[in-house]
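Remarks on the structure that follows.
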Amino acid sequence: QVQLEESGGGPVQAGGSLRLSCVTSGYDDVMSCMAWFRQAPGEEREGVAAIYTGDATGTYYSDSVKGRFTISQDKAKNTMYLQMNNLKSEESATYYCAAGLGWLCLDATQSLSDASKYTYWGQGTQVTVSS
């Protein structure tokens, strides 16, 4: 059974930083394409950052977080990270870790715009940014 578990969320002041972690278990290949999404109450799920390996190797960011957030992974530890700096109040949301498999990981064009690319999801970790 593939499982993803996020941690690292919590309250933070606007302008502050958090580092989220996503630990995977059950299948190493889920590390080939992974992403962070977030969802605030009443809002659509939004892609934040993605990291792909293999043919589509690279990192991908939404325009709103580019330059402030950094996605990374440590495959030896089966862990993906999202370093979030200079957080804004409008970025309060539940943040979800996601992982894909197979051919869906070959093309990163919709890595952030299409949540259905990802097969496995964590339970989410809450980030609350106060101002």
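- Considering all non-hydrogen atoms of both residues, Leu101 and Tyr120 come closest at CD1-CE1, 3.2 Å.
- In summary, Arg38 and Glu44 do not engage in a salt bridge, as defined by a charged side-chain N under 4.0 Å from a carboxylate O.
- Although no hydrogens or angles enter the test, the distance criterion places a donor-acceptor pair under 3.5 Å between the side chain of Thr125 and the main chain of Gly9.
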* **Asn85/Ser17 under side-chain hydrogen bond (donor to acceptor under 3.5 Å, both in side chains): CA gap, chis, key distance, verdict** => CA-CA 4 Å; Asn85 295 330; Ser17 299; 2.9 Å; yes
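- The OG atom of Ser111 sits 13.5 Å away from atom CE of Met34, with the distance rounded to the nearest 0.5 Å.
- Checked against Gln13 for a side chain to side chain donor-acceptor pair (under 3.5 Å), the options Ser131, Ser89, Ser130 give a single hit: Ser130.
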Do Trp36 and Leu20 pass the side chain to side chain contact (heavy atoms under 4.5 Å, CB included) test, and can you show the C-alpha distance, the side-chain angles, and the key distance before you say yes or no?
CA-CA 10 Å; Trp36 290 95; Leu20 306 183; 3.7 Å; yes
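- A pairwise comparison of heavy atoms in Thr53 and Gln73 identifies CG2-OE1, 3.5 Å as the closest pair.
- A distance of 11.0 Å separates CG of Leu82 from CD of Glu6, quoted to the nearest 0.5 Å.
- Interatomic distance, OH of Tyr81 versus SG of Cys22, reported as 10.5 Å (0.5 Å rounding).
- In terms of heavy atoms, Asp107 sits closest to Thr109 at OD1-OG1, 2.6 Å.
- Atom NZ of Lys75 and atom CE of Met80 lie 12.5 Å apart (nearest 0.5 Å).
- With hydrogens and angles left out, the side-chain atoms of Glu5 and Gln123 include no donor and acceptor closer than 3.5 Å.
- With rounding to the nearest 0.5 Å, the separation of CG in Leu18 from CZ in Phe69 is 9.0 Å.
- Under the 4.5 Å side-chain heavy-atom criterion for ILVMFWY residues, a single connected hydrophobic cluster contains both Tyr95 and Val12.
- The heavy-atom pair separating Ser64 from Glu91 by the smallest distance is O-OE2, 4.4 Å.
- With a 6.0 Å cutoff to the six-membered ring centre and a 45° limit on the axis angle, Arg45 counts as a cation-pi contact of Trp121.
- When all heavy atoms of Tyr52 and Ala56 are compared, the closest pair comes out as CB-O, 3.3 Å.
- Here Tyr61 contributes atom OH and Leu112 contributes atom CG; the two are 10.0 Å apart, rounded to the nearest 0.5 Å.
- Ionic pairing of Lys66 and Asp63 is present here: one or more N-O contacts between side-chain nitrogen and carboxylate oxygen are shorter than 4.0 angstrom.
- A donor-acceptor contact closer than 3.5 angstrom is absent between the side chains of Thr94 and Gln39.
- Nearest approach of Ser92 to Val129, heavy atoms of both residues: OG-N, 2.7 Å.
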